Amino acid sequence: MLLIPCPWCGQRNEDEFMCGGESARVRPDDPASTTDAQWSDYLYNSTNHKGVVREWWWHVNGCTKWFVIDRDTVTHAIQPASEEIS
Amino acid sequence: MSYEAKIVPIERYGLINIRADFSAQRVIGESLGHELPVTAHTAVHTENFSVLCFSEDQWWVRCNLEQETDLFNQLYDLNKHNHCAATIISDHFSGFSLIGTDARKVLRQGVSIDLDDYASGQCTRSGFARCGASIQIVEQYFHYDLFVESSYASYVNLWFDAARKGVQNSQSG
Amino acid sequence: MSRLSSGGAIDRRQVINFRFNGTSYTGFKGDTLASALLANGVRVVGRSFKYHRPRGVVSCGIEETNALVQLRSDLDQPNIRATVLPLVEGLEAESINCWPSVNFDVGAINGWLAPLFPAGFYYKTFMAKPWDFYSRFIRRVAGLGQVPKVADTNSYERVHHHVDVLVIGAGPAGLSTTLAVARTGARVLLIDDQSDPGGDLLFDTAIIDQKPALEWVKESIETLAQLDNVSRLQNTIATGYYDHNLVIAVQTSPDESWIRERLWHIRAKQVVVATGAVERPMVFANNDRPGVMLCASVAGYITRFGVQPGKRCVLFTNNSRAYEYLSVLQEAGIKVVEIVDCRESVDDDSLKIAQLLNIPVVAGSHVVNVSGKKMVRSVTVRSINGDANLHTVSCDLVCHSGGWNPLVHLQSHSGAKPVYDSENVTFIPGKPIQSERSVGASNGRFLLSQCITDGLETGQKIGVELGYEFPEISFEKQTNDVNYAVEGFWAEDDNTGKAFVDYQNDVTRADLALAMRENFQSIEHIKRYTTAGMATDQGKMGNPNVIGIVAQMSGTSMTATGTTTYRPPFQPVSFGVIGGMERGALIIPARTTPITEWNISHGAAMNEAGANFRRPFYYPKSGESMQDAMNREALATRNGCAIYDATPLGKFELHGEDVPELLNRVYTNSFSDLPIGQGRFGLMLREDGRLMDDGVTFRIDDNHYLMSCGTGAAPVVLGHMERLLQTEWQDLKVYLINVSAGWANVCVCGPLAREVLSGAGMDRELLDSMKFMQIKTTKVAGFDVRVARVSYTGELSFEINVRRRDGLQLWELFMQAGKQHDITPIGSETSGVLRIEKGFVSPGIEGDNITNPYDAGLGWVIDMNKPDFIGKRSLQRDLNIGGERQHVVGLLPDDHNAKIADGSALVPVQAPTSGNPEFQGHVTAACYSPTLERTIALALLKNGKNRHGENIRISGLEGSFTATVTKPVFYDPRGEKMRA
């Protein structure tokens, strides 16, 4: 049961949240100009990095904010993301 | 044998949800006659209503049922020229007052937040049982008002009964 | 009898009657079942797992491996350790794993067949027939205790708790830590598994500052009781240590009389593990005989329970600590015949003690065998090097000590793998990953003075870290410690008998050798192949022996061999406390509408439908079968008037000037030009172009819209839009508000809908003039309502939305008004029939991870001219890739009354000459249509759009049927009835 640091509510149990996956997966500005391969890559592939990953989390049972954190996928150490990704 | 706590449904209350951006907040504050609280978990309590802050752009106005329609109309009008939204939600949520010396011992079975962190007069939203709740701390440790989505009201009644005196002794047995 | 005439912490004034294996015995309050059995001279308590060897009590604590019983008098619980079971009046217990009795067990034949059952034997046998054949027999003999036949109706509680400091263990180290950190004012919780604080001091005769140690304990407890910021729980055992300093603990017998056990979820800023250590056995042939017991445990039975476990004993040790118990043994009237010490040169302190007590020490020697089956009769001793000193000693008790194992389980859970401490020949906690510290014996610090000093220092350090001030504390504590000296020793196997390394799973020294001969080299493989350390005791006593022997056999170091991973729970946990309150009616959060009670009291067959809602399946009249009811309800909808509760549907308000833009981006069709008061069907796709949900969105006011969506999809749709607004399109000015439960939605539909609604008081002119997909505000019987003309049944249909609090009244009003038109409540099964007849695709049923809207016949809702919408690019990709796709089709089985199961496969009519038929698709939804008077179905079929008129075979659970492929609509294809 991870503790997720919600920027508004503070530390809360992970069952108040839903994970939104890697924040590096940004929707292409112009999907029409992507190739099928690029589009598939966006849809289906994550870096799945062993180490610190920046992720979106949604505080669904709380303030309902979406925010990013940095999570170490090996040790589960969690920090609020140092800069917001817009 | 049970915990020293009672659960009372909250009747006849008005509840209006407010969303507003930064400039609309000011306008709404003026309309209500009181600035909207903007610090996390804080609320303002006036003679006629309370304004509870649940997020940086989300509030509840809690009042008596009799005042709800007028307050709502007053706020809804502001939608026209400001980026904000007022919605009556007193039916969407059902309220329960948890009161007693053992109120904390009942509540800690359902929420995983640190009840030492939320003082009288504050408010927050958190996981509760299996459905989540918006919580108004009326008196820390002794009186909490919980609002859950109405479709869960029947389940929450059963839950409180079991939390107060055990599953074996409650109807859900 | 083996009860001493005085001594022990038992209350001799309170006699307790209990039964074991059908025989009545007595004990005293304060006894455990184990101590009472020993006091009554009961030596054989159970039979071992595989070989059915007679076994007795080995220890006096949580680490017990052998004295397991079936507790008949309390929920018939299996595998309860007699050493931690408090003796209560009327207790009834039985030995497990034996028949007909523990003293004469037919299963002992396994012992004779032992050569057939070495480690891993089941990987090499039971292969001639399928496993099912063997499992029938194996199930009867496998396992230890019996599954209870008694239901557990007790109440269990789960609570969440937050503290600054959690101290686990109220022995000397834990108490000292708590004393030090408590003075800072931090919120401290001290938990301890025993009924009284003191830890090992309760079983010991230690001295602190020239007084009995238990007096120090008493004073410490009194000090702590004065402090508001300190809580203490006894009978509470920490069982798992998880991420971010979450510790889960089970409390038995809490103060609240109606709760049997309480599960604590404790979140602590700092955790201190002071769980102590357990003694390790020595490994020698027949070291499992009743009467071979751990040294400190024997002393513990004397000190705490006034029990004398034997009369004549041999002490076998590799360390100095064992000598500290000699005086206790002697004072209890046990003759210690000799001390066998494997160390060639025994340390001076130990020799001094032996000398004072006049007990001969046989150094550099080891016990090589034990004689006696149900009770120790003698031991054989020999020098370690060579055959010198070979002799036999008759005795009825062997006290052995192979060293001490710090209990490092919680630290392991927390992520710190144990490390080897060569000086103490044991494993201690590794470097912590979380905010956690270990103190005392749990940290490999075995002297009492060390425990206290470390505890005080640690408590102070934590206080500083948490930012507190505190007064000075004295570190000086005088104890009667003796320095700890130990030498690791594991004899080589010499085939004289079974030398056990894991008592409970019957794993021997020879099994380890076998595993290594078969080339299992990693300790992880050896553990699993031999099952050493995998029993309910999780290797608390035996694991270091396993590692020591493996290291020796493979010629590597203990460090290189390493440990396996300890995982929660630390000890067995009851199912009841895990489930807590979530049982019976609380096992799922059943959601209701204002109509739910009415449905139940009017005999609806209720079921759990999407999103935990309790929905009416159908409303049987007396004598009706389910099919009868469904037929009647469907026909009433098509020909008369029906009513159903649509309240569970998702409803969201959307506010803001950018709502049309948002709708254009999330729906496949355009919403730019929706007039106020008008609604439009919208199809929402996932980014991968698959069906997410469909619904209708209405425009209520300039910047105010109302979206409806499927019940089950509501949280998904809301999450989807919130995510896009907050993470991708932050410039869009839109607010979303969930109002699903605030509106009761009563749908009245069928050709007579207008008659019924106007009969209830609704404005007939409004009803007549309302166009399909419009929404209007009006009043009926004094209620303010929103009326939406949408149809999910394909008939003329009005959804009347009113404030939830008025929902039931509105429903009853329509029921009353509809009486003369035979208004019929319909359930979800009937709704299913009606939708299949109309071919209304359901994203949750015809939709899957491959089907796109073109496949589902929804191409008409897609506007590919829009610059972009969620799913558009993926649809384009589907079109680019092309190839054969499955399409939604209708099926008309030749047998009009065919019973077709959802999910049935579609295959060619002709069976192939060999091999399996070619899979062509599957039935998504089938039903009997009373309107068409025959069975119909919707299905996904390869290239289905181009195969209308072909014959196909439906092959499923209900049988095999031929059918004709058709368009996926069976009734009113142009939708004239719903637009009437």
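Remember, it's a predicted structure, so these values are computed and weren't measured experimentally. So you know, we letter chains A, B, ... as the sequences are listed, proteins then strands, and number each from 1.
Here the shortest heavy-atom pairing between C:Ala741 and B:Ser151 reads CB-N, 4.1 Å. The shortest heavy-atom contact between C:Ala590 and B:Tyr155 is O-CB, 3.7 Å. Nearest approach of B:Gln109 to C:His160, heavy atoms of both residues: O-CD2, 4.3 Å. Considering every non-hydrogen atom in both C:Ser257 and B:Met1, the closest pair reads OG-CG, 3.7 Å. Shortest non-hydrogen contact noted between C:Gly580 and B:Val167 is O-CG2, 4.4 Å. C:Val739 and B:His92 get closest at one heavy-atom pair: C-ND1, 3.4 Å.
Neither the backbone nor the side chain of C:Leu246 comes within contact range of chain B; no heavy atom of the residue lies under 4.5 Å from a heavy atom of that chain. Looking at B:Ala129, neither its backbone nor its side chain comes within 4.5 Å of chain C, counting heavy atoms on both sides. For a residue to count as touching a neighbouring chain, one of its non-hydrogen atoms must lie under 4.5 Å from one of that chain's; by this rule C:Thr593 does not touch chain B. Within the 4.5 angstrom heavy-atom criterion, only side-chain atoms of C:Arg262, from C-beta onward, approach chain B. The contact between C:Ile587 and chain B is made entirely by backbone atoms, counting heavy-atom distances below 4.5 Å. Proximity to chain C (any heavy atom under 4.5 Å) is restricted, for B:Asn17, to the side chain, taken from C-beta onward. Proximity to chain C (any heavy atom under 4.5 Å) is shown, for B:Tyr3, by both the backbone and the side chain. For chain C, no part of B:Leu107 is nearby; none of its heavy atoms comes within less than 4.5 Å. Looking at C:Arg267, there are no atoms closer than 4.5 Å to chain B (heavy atoms on both sides), in backbone or side chain. Contacts between B:Ser90 and chain C at a heavy-atom distance below 4.5 Å involve backbone atoms as well as side-chain atoms. Residue contact with chain B, scored on non-hydrogen atoms closer than 4.5 Å, involves the backbone and the side chain of C:Arg805 alike. Neither the backbone nor the side chain of B:Val156 comes within less than 4.5 Å of any heavy atom in chain C.
Looking at heavy atoms from C-beta onward, C:Glu582 lies out of side-chain contact with B:Trp159 at the 4.5 angstrom threshold.
Looking only at distances, no side-chain donor or acceptor of C:His655 sits under 3.5 Å from a matching main-chain atom of B:Ala85. Between the C:Tyr735 side chain and the B:Asp21 main chain, a donor and an acceptor come within less than 3.5 Å of each other. Within the 3.5 Å criterion, the main-chain N or O of C:Arg804 finds a donor-acceptor partner in the side chain of B:Asp91.
Residue C:Asp731 places its CG atom among more than 12 non-hydrogen atoms of other residues, nucleotides or ligands, all under 6.0 Å distant. Environment of CZ in C:Arg614: sparse, with no more than 12 heavy atoms of neighbouring residues, nucleotides or ligands closer than 6.0 Å.
Between the side chains of B:Tyr76 and C:Asp701, at least one donor-acceptor pair of N or O atoms lies under 3.5 Å.
Here the CH2-CZ distance, from C:Trp258 to B:Arg164, works out to 9.0 Å after rounding to the nearest 0.5 Å. In this structure, the separation between CZ on C:Arg187 and CG on B:Asp116 is 4.5 Å, given to the nearest 0.5 Å. Atom-to-atom distance recorded for C:Ile737:CD1 and B:Ile88:CD1 is 12.5 Å, nearest 0.5 angstrom. Atom NZ of C:Lys733 is separated from atom SG of B:Cys84 by 11.5 Å, given to the nearest 0.5 angstrom. If you take CE on C:Met581 and CZ on B:Arg130, they are separated by 10.5 Å, rounding to the nearest 0.5 Å.
Chain C forms more heavy-atom pairs under 4.5 Å with one residue of B:His83, B:Glu149, B:Arg19 than with any other, namely B:His83. Contact count against chain B (heavy-atom pairs under 4.5 Å) is highest for C:Glu157 among C:Arg158, C:Glu653, C:Glu157. Of the listed residues (B:Lys80, B:Gln58, B:Glu68), the one with the most heavy-atom contacts under 4.5 Å to chain C is B:Glu68.
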